[in-house]
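This report concerns only the one structure given below.
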Amino acid sequence: MPYLIGTDEAGYGPNLGPLLIAATVWHVPDDCAATDLYKRLKKSVCQTPRNERDRRVWWADSKAVYRAGAGLDMLERGLLVALCNLGIDSLPLPESCAAVWRVLDPHAELHQQTVPWPVHASGRFPVANEPTRLKKPAAALAADLTAQRVRLVSIRATTVFPERFNALTEQLGTKGEVLSRLTLTLAAEAARDLTDEPVLFLCDKHGGRNRYGGLLQDIFYEHFVEVLAEGQTESRYGWGPPANRREIRFRVQSERFLPAALASMTAKYLRELAMRAFNEFWCGRLPDLRPTAGYPGDARRYKDEIAALQRDLGIADQRLWRNR
């Protein structure tokens, strides 16, 4: 499959902060299977580091690369090295959190209008790495991509802050339906200009859902969507003529495929930047307030502690708290 597109999300469960969905787009040789990218890029990329001296970029499920309290360094390193290798030519390192958002989310400038606190964290950037530490792995990845005839075409994200999230869940009925529709809409946007060759989409299963045919038909309405398989392990669908055939696979733990793994890391990194900005806003006004990651339980503690300030600032719950 000449194009591979992997998707994943971060922040599906929390009550505070945004839901992030990301997609990565790759152009690969004709003989490159979906499972091959880790093997092809093994000189510069690893799925699991061999030891502490392994200097390759670590691309895997964000839950493996980043754990709360362990620091952002490996998650940030992996994404920023990828951003330096977007497209055909090497790109300069983004100079700020705001620049990262502009590169990844085409609607980044509009987000500031939807929340009453800064979207972008302040302070130094990169947050957890020295820029000089990124040069060697970025160069190694560039050389590996060239040697293996692989290209990282694009990385893009969709950010859903609480007010929009609440409106969509009211409209669509469940947050699972929101996640599925936004993921497939992002995937369709990522593939819009890829009209010259076939595309394989690699997506995580959304909860226990096994059937996606009707939803796919709504989004890719130009073609008849054929059901190839539907089950607990994998659901597959296809559409379009052979020259630019589309196939999508929904699998449990799709992050074992490199395109989905990098999407997972992208979504998680943006979510962490958003929560840093969120905590800066509230903790800067309430010095004894402990930061939150936004997940149930601790999110309720945080909301209770900011309640008086929230009222004073006139911030409605709908803009702060995700109802589902």
For the pair R246 and L194, evaluate side chain to side chain contact (heavy atoms under 4.5 Å, CB included) and give the outcome as yes or no after the intermediate values. CA-CA 10 Å; R246 269 59 175 148; L194 310 181; 4.0 Å; yes

Close side-chain approach of P137 and R77, heavy atoms under 4.5 Å: yes

Does a side-chain heavy-atom distance below 4.5 Å link K175 with H206? no

Between P198 and A243 the two heavy atoms that sit nearest each other are CD-O, 3.3 Å

Atom CD in E255, atom NZ in K63: separation rounded to 0.5 Å? 6.0 Å

Can you confirm whether V160 sits close enough to E9 that some side-chain heavy atom of one is under 4.5 Å from a side-chain heavy atom of the other? no

I'd like to know if the side chain of D8 reaches the main chain of D204, judged simply by a donor and an acceptor atom lying under 3.5 Å from each other, with no hydrogens or angles considered. no

Test C84 against every option in L152, L79, L93 by the side-chain contact (heavy atoms from CB on, under 4.5 Å) rule and name the one that passes. L93

Minimum heavy-atom distance L19-A10, with the two atoms named: CD1-O, 3.6 Å

Side-chain heavy atoms of W26 within contact of L145, under 4.5 Å: yes

How many angstroms lie between NZ in K42 and CZ in R56, if you round to the nearest 0.5 Å? 9.5 Å

Can you find a pair of side-chain heavy atoms, one from E177 and one from L215, that are under 4.5 Å apart? yes

Nearest 0.5 Å, what's the CG-CG distance between N279 and L286? 11.5 Å

Sub-3.5 Å donor-acceptor pair from the side chain of E76 to the main-chain atoms of A128, do we have one? yes

When you measure from the side chain of R245 to the backbone N and O of G240, does any donor-acceptor pair fall under 3.5 Å? yes

Hey, quick one: are L273 and L83 part of the same hydrophobic cluster, counting side-chain heavy atoms closer than 4.5 Å, chains of contacts allowed? yes

Charged N-O contact under 4.0 Å between E95 and R102: yes

Short side-chain to backbone donor-acceptor contact, R124 and N129, under 3.5 Å: yes

Can you get from L86 to F125 by hopping between Ile, Leu, Val, Met, Phe, Trp and Tyr side chains that sit under 4.5 Å apart? yes

Distance from R285 atom CZ to Q310 atom CD, nearest 0.5 Å? 13.0 Å

Between K205 (side chain) and Q232 (backbone), is there a donor-acceptor pair under 3.5 Å? yes

Locate the shortest heavy-atom distance separating A187 from F201; write the atom from each residue and the value. O-CE2, 3.5 Å

L72 CG to M74 CE distance, which is reported to the nearest 0.5 Å: 12.0 Å

Does NZ or CZ of R319 lie under 6.0 Å from the centre of the six-membered ring of W117, at an angle within 45° of the ring axis? no

Do L202 and I21 share a hydrophobic cluster, counting only Ile, Leu, Val, Met, Phe, Trp and Tyr and linking them when any side-chain heavy atoms are less than 4.5 Å apart? no

Same cluster or not: are V153 and L186 linked, directly or through other Ile, Leu, Val, Met, Phe, Trp or Tyr residues, by side-chain heavy atoms under 4.5 angstrom apart? no

Test item: T114 side-chain N/O and H111 main-chain N/O as donor-acceptor pair under 3.5 Å: yes

Among all residues two or more places apart in sequence or in another chain, which pass the salt bridge (Lys or Arg N to Asp or Glu O under 4.0 Å) test with R211? E230

May I ask you to test the R133-D73 pair for a side-chain heavy-atom distance under 4.5 Å? yes

Determine, for K303 against D317, whether the closest basic-nitrogen to carboxylate-oxygen distance falls under 4.0 angstrom. yes

With a 3.5 Å distance limit and no angle check, can you tell me whether R271 reaches the backbone of P18 through a side-chain donor-acceptor pair? yes

Side chain of D144, backbone of S44: donor and acceptor closer than 3.5 Å? yes

I'd like to check K43 versus Q148 (side-chain heavy atoms, cut-off strictly below 4.5 Å). Are they in contact? no

Would you kindly confirm whether L313 and L289 end up in one hydrophobic cluster when ILVMFWY residues are joined by side chain heavy atoms under 4.5 Å apart? yes

OH (Y38) and CH2 (W59) are apart, to the nearest 0.5 Å, by 8.5 Å

I'd like to know if R276 and E272 make a salt bridge, using a cut-off of under 4.0 Å between side-chain N and carboxylate O. no

Under 3.5 Å donor-acceptor, Y237 side chain and L216 backbone: no

So which atom in A299 and which in N15 form the shortest heavy-atom distance, rounded to 0.1 Å? CB-CB, 4.1 Å

If you look at every heavy atom in P49 and D54, which pair is closest and at what distance? CA-OD2, 3.6 Å

Tightest non-hydrogen contact, residues P118 and A277, listed as O-CB, 3.3 Å

W239 versus I248: any side-chain heavy-atom pair under 4.5 Å? yes

Tell me, with the steps shown, if V127 and C97 meet side chain to side chain contact (heavy atoms under 4.5 Å, CB included). CA-CA 8 Å; V127 174; C97 290; 4.3 Å; yes

Verdict with supporting geometry, L228 and R249, side chain to side chain contact (heavy atoms under 4.5 Å, CB included): CA-CA 10 Å; L228 304 177; R249 300 176 186 173; over 6 Å; no

I would like to know whether L16 and R322 meet side chain to side chain contact (heavy atoms under 4.5 Å, CB included); could you show each step before the answer? CA-CA 6 Å; L16 294 171; R322 283 161 46 180; over 6 Å; no

Would you say E247's side chain and R236's backbone share a donor-acceptor pair under 3.5 angstrom? no

Would you call D304 and R301 a salt bridge, taking side-chain N to carboxylate O under 4.0 Å as the test? no

Is it true that, when you exclude D312 itself, more than 12 heavy atoms of the residues, nucleotides or ligands shown sit nearer than 6.0 Å to its CG? yes

